[in-house]
K.L.:
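Encoded as structure tokens, here's the structure I'll be asking about.
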There are 2 protein chains.
Amino acid sequence: MSERSNSQRGGSKAETSANAIVFVVEDDVSMRRSLTNLFQSVGLDVVAFGSAREMLQSTLPDVVSCLVLDVRLPGLSGLEFQTELAKSSIHIPIIFITGHGDIPMSVRAMKGGAVDFLTKPFRDQELLDAVIAATERDRKRRQDEKTVANLKSLFETLSPREQAVMKLVATGLMNKQIAAELGLAEITVKIYRGHVMKKMRARSLADLIRMTEALGIRANRPEQT
Amino acid sequence: MSERSNSQRGGSKAETSANAIVFVVEDDVSMRRSLTNLFQSVGLDVVAFGSAREMLQSTLPDVVSCLVLDVRLPGLSGLEFQTELAKSSIHIPIIFITGHGDIPMSVRAMKGGAVDFLTKPFRDQELLDAVIAATERDRKRRQDEKTVANLKSLFETLSPREQAVMKLVATGLMNKQIAAELGLAEITVKIYRGHVMKKMRARSLADLIRMTEALGIRANRPEQT
DNA sequence: AGGACAACTATACCTACGTTTGTAATGCGC
DNA sequence: GCGCATTACAAACGTAGGTATAGTTGTCCT
């Protein structure tokens with residue numbers, strides 16, 4: 001069962017349209033409740049679960065968020081859950097909390113990319129600081145991902161030939177070389193190249209090159225010394 | 001006092017011209033000796049110290065290396081040493097070992113970029129695996145740094161004006177725009193631009209753009225929508 | 001069959017880029 | 001003073017890039 005608790009308090013404070021969500025996975029009911037209260041008290045939205053399975057089964061909203069995760073859980077453990085999320089390429093930043101942890105656990109968690117690993121008892125402020133760091137990390141990741149996703153969708157509007165031309169342009173070949181490479185007339189390359197610039201909304205070649213960098217496009221041609 | 005111990009055994013195995021060095025900082029003499037033996041037994045060069053201060057005072061050779069560091073040390077602790085190294089921008093990958101550690105320690109170490117954090121007793125193979133991962137990380141970092149350093153030194157052979165032109169070229173401006181920006185004739189820009197290509201050894205504009213990316217060169221000009 | 005679209009080319013024209021050759025002023029170090 | 005690097009520009013020329021117009025062929029969908 002999940003508890004969705006939004007902090008809708010009158011309007012004394014301007015609600016950000018996309019408020020950060022803190023997910024909590026913690027089997028201990030009283031602990032779960034107190035975490036929920038803590039986060040709500042500072043104006044964060046909270047969605048709490050009693051197990052990893054419950055969270056995996058729910059549909060996660062696509063907003064800035066982080067996960068406060070108890071290491072010791074019934075069913076899937078916190079560390080296994082972390083691995084599971086990574087496999088599903090769900091990149092939510094994780095803050096572990098635990099009452100009975102050990103060093104190898106914490107090291108594994110941190111190697112796995114966790115933001116923090118707190119041992120009970122901890123001060124509220126410690127956890128809040130970690131949550132702020134985690135949501136900030138998520139915000140940045142989402143920003144970067146969005147930029148790349150936008151570029152990718154532009155790139156996909158290109159016809160196969162246009163994509164091929166773009167790749168070869170990015171490697172620095174001249175139009176006539178591209179034409180030879182693809183078995184085309186130079187004029188055709190010029191025209192496709194024009195299409196590429198328009199469709200990618202590149203204002204300059206420099207622009208386009210940087211786009212290919214962001215997209216990880218690299219034509220595998222040997223370079224002559 | 002530091003103990004420098006190279007594994008020069010006959011010639012049964014080809015000595016790599018730049019063998020990896022494992023630095024060890026460990027105050028316990030018998031532990032230090034056994035670590036040294038372990039690393040030598042697999043053909044690694046070892047330089048061992050009894051304290052952080054000793055290592056800081058010695059001249060570190062500029063080769064692929066990593067640091068196996070005891071957390072509990074006389075004088076500067078392992079964690080303080082980690083901070084100190086970071087401040088001096090010495091980026092050697094660190095593997096912590098400890099007999100009496102706790103979770104906050106390990107978390108701080110990992111947050112600080114440590115490769116691993118092992119608790120005694122550990123299996124030899126665990127430590128060796130960590131050392132291999134650490135040296136690999138250092139090798140990659142050195143490679144990247146070298147590439148950028150090479151570019152930087154090329155960039156510094158450019159005259160101030162040539163550097164300015166390069167920056168503006170990288171932003172995607174046309175020669176005539178660059179000329180206006182710098183108060184020059186277009187022909188002058190063309191000539192400097194030619195110098196830039198030659199001196200930077202760029203085979204194409206795409207090449208040059210990627211160089212500016214690697215160098216982090218970005219002219220702060222507002223872009224029109 | 002007809003329409004839409006991708007792929008491809010040609011002619012023509014204009015702009016942008018790049019190099020060569022030559023000139024000239026300035027400033028710095030020895 | 002001499003040599004040298006830097007900065008700067010001009011004329012002339014050749015190459016590369018880019019666009020507009022116009023047309024062919026083939027495929028896929030309806």
Side-chain angles (χ1 to χ4, degrees), chain A residues 151-213 215 217 219 221 223-225, chain B residues 151-213 215 217 219 221 223-225:
Chain A
L151 282 181
K152 215 168 271 177
S153 73
L154 285 179
F155 183 69
E156 275 154 14
T157 67
L158 300 179
S159 74
R161 275 316 216 184
E162 287 161 355
Q163 293 188 358
V165 168
M166 174 162 164
K167 282 181 192 173
L168 295 175
V169 166
T171 68
L173 294 190
M174 288 186 308
N175 287 343
K176 68 168 90 170
Q177 294 175 301
I178 297 170
E181 194 85 13
L182 299 176
L184 295 175
E186 193 183 342
I187 182 66
T188 310
V189 173
K190 285 183 181 180
I191 289 166
Y192 290 175
R193 188 169 175 160
H195 293 169
V196 168
M197 295 300 285
K198 266 199 193 59
K199 290 188 180 175
M200 296 300 293
R201 288 172 207 162
R203 287 185 307 278
S204 64
L205 181 57
D207 236 30
L208 193 75
I209 302 293
R210 277 188 279 268
M211 288 179 185
T212 61
E213 288 290 289
L215 285 168
I217 290 173
R221 301 187 67 260
E223 308 251 353
Q224 70 282 12
T225 317
Chain B
L151 283 180
K152 212 166 274 173
S153 73
L154 284 180
F155 183 69
E156 275 155 15
T157 67
L158 300 178
S159 74
R161 276 313 217 186
E162 287 163 354
Q163 293 187 359
V165 168
M166 175 163 164
K167 282 182 192 171
L168 295 175
V169 167
T171 68
L173 295 189
M174 287 186 307
N175 288 341
K176 69 170 89 168
Q177 293 174 302
I178 297 171
E181 194 83 15
L182 299 177
L184 294 176
E186 193 184 343
I187 183 66
T188 311
V189 173
K190 287 182 180 182
I191 290 167
Y192 290 175
R193 189 170 175 160
H195 294 170
V196 169
M197 295 299 284
K198 265 197 194 61
K199 290 188 181 177
M200 295 302 291
R201 289 172 207 163
R203 284 185 306 279
S204 65
L205 180 57
D207 235 32
L208 192 76
I209 303 294
R210 276 188 280 269
M211 289 178 185
T212 60
E213 289 290 288
L215 284 168
I217 291 171
R221 301 185 68 258
E223 307 252 353
Q224 72 279 15
T225 315

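Below, chain A is the first sequence line, B the second, and so on; all start at residue 1. Computed from a predicted structure; not experimentally measured.
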K.L.:
Just the rounded figure in Å: distance from C1' of dG18(D) to NZ of K176(A).
P.N.:
16 Å
K.L.:
Drop me the distance from L168(A)'s CG to N175(A)'s CG, to the nearest 0.5 angstrom.
P.N.:
10.5 Å
K.L.:
Mind checking whether M211(A) and D207(A) have side chains closer than 4.5 Å, heavy atoms only?
P.N.:
yes
K.L.:
Between N175(B) and dC17(C), is there a contact of a side-chain N or O with OP1 or OP2 at under 4.0 Å?
P.N.:
yes
K.L.:
Any side-chain N or O of R161(A) below 4.0 angstrom from OP1/OP2 of dA6(C)?
P.N.:
no
K.L.:
If you only use heavy atoms from C-beta on, which nucleotide in dA16(D), dT6(D), dC17(C) is closest to the side chain of M174(A)?
P.N.:
dA16(D)
K.L.:
Which sits closer to the 5' end of DNA chain C, A185(A) or K199(A), going by the nucleotide each is nearest to?
P.N.:
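Of the two residues, K199(A) wins.
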K.L.:
Report the distance from atom NZ of K190(A) to atom P of dA10(C), rounded to the nearest whole Å.
P.N.:
12 Å
K.L.:
What is the distance, rounded to the nearest whole Å, between atom CG of L173(A) and atom C1' of dG17(D)?
P.N.:
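In whole Å, dG17(D) C1' lies 15 Å from L173(A) CG.
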K.L.:
What is the distance, to the nearest angstrom, from the NE2 atom on H195(B) to the C1' atom on dT7(D)?
P.N.:
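Going from NE2 in H195(B) over to C1' in dT7(D) covers 11 Å.
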K.L.:
Between dG17(D), dT19(D), dT6(D), which one does the side chain of S159(B) approach most closely?
P.N.:
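Ranking dG17(D), dT19(D), dT6(D) by closest atom to the S159(B) side chain puts dT6(D) first.
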K.L.:
To the nearest Å, give me how far apart CD (Q177(A)) and C1' (dA16(D)) are.
P.N.:
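Nearest whole value for this atom pair: 11 Å.
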K.L.:
Rounded to whole angstrom units, what separation is found between the CD1 atom of I178(B) and the C1' atom of dA16(C)?
P.N.:
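One finds 12 Å between C1' of dA16(C) and CD1 of I178(B), rounded.
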K.L.:
Measure the spacing between CZ of R210(B) and CG of L151(B) and express it to the nearest 0.5 Å.
P.N.:
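The CZ atom of R210(B) sits 12.0 Å away from the CG atom of L151(B).
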K.L.:
Report the nucleotide, chosen from dT19(C), dC17(C), dA16(D), that has the shortest atom-to-atom distance to any side-chain atom of R193(B).
P.N.:
dC17(C)
K.L.:
Categorize I191(A) for me: base, sugar-phosphate, or nothing, with a 4.0 angstrom heavy-atom threshold over every strand shown.
P.N.:
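Base contact - I191(A) has a heavy atom under 4.0 Å of at least one base atom.
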K.L.:
Would you mind reading off the distance between L158(A) atom CG and dC5(C) atom P, rounded to a whole angstrom?
P.N.:
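Nearest whole value for this atom pair: 17 Å.
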K.L.:
Would you compute the distance between atom CG of L208(A) and atom CD of E213(A) and round it to the nearest 0.5 angstrom?
P.N.:
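Atom-to-atom, L208(A):CG and E213(A):CD are 11.0 Å apart.
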K.L.:
Roughly how many Å is it from CD1 in I187(B) to P in dT7(D), rounded to a whole number?
P.N.:
17 Å
K.L.:
Please tell me which of Y192(B) and G194(A) maps to the more 5' nucleotide of DNA chain D, matching each residue to the nucleotide holding its nearest heavy atom.
P.N.:
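Result: Y192(B).
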K.L.:
Go through dT9(C), dC9(D), dT19(C) for me and flag the one nearest to the L184(B) side chain.
P.N.:
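The closest nucleotide is dC9(D).
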K.L.:
If you measure from OH on Y192(B) to CG on L184(B), what distance do you get to the nearest 0.5 Å?
P.N.:
6.5 Å
K.L.:
Would you mind telling me which residue lines up with the more 5' stretch of DNA chain D, E186(B) or T157(B), judged by nearest nucleotide?
P.N.:
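Result: T157(B).
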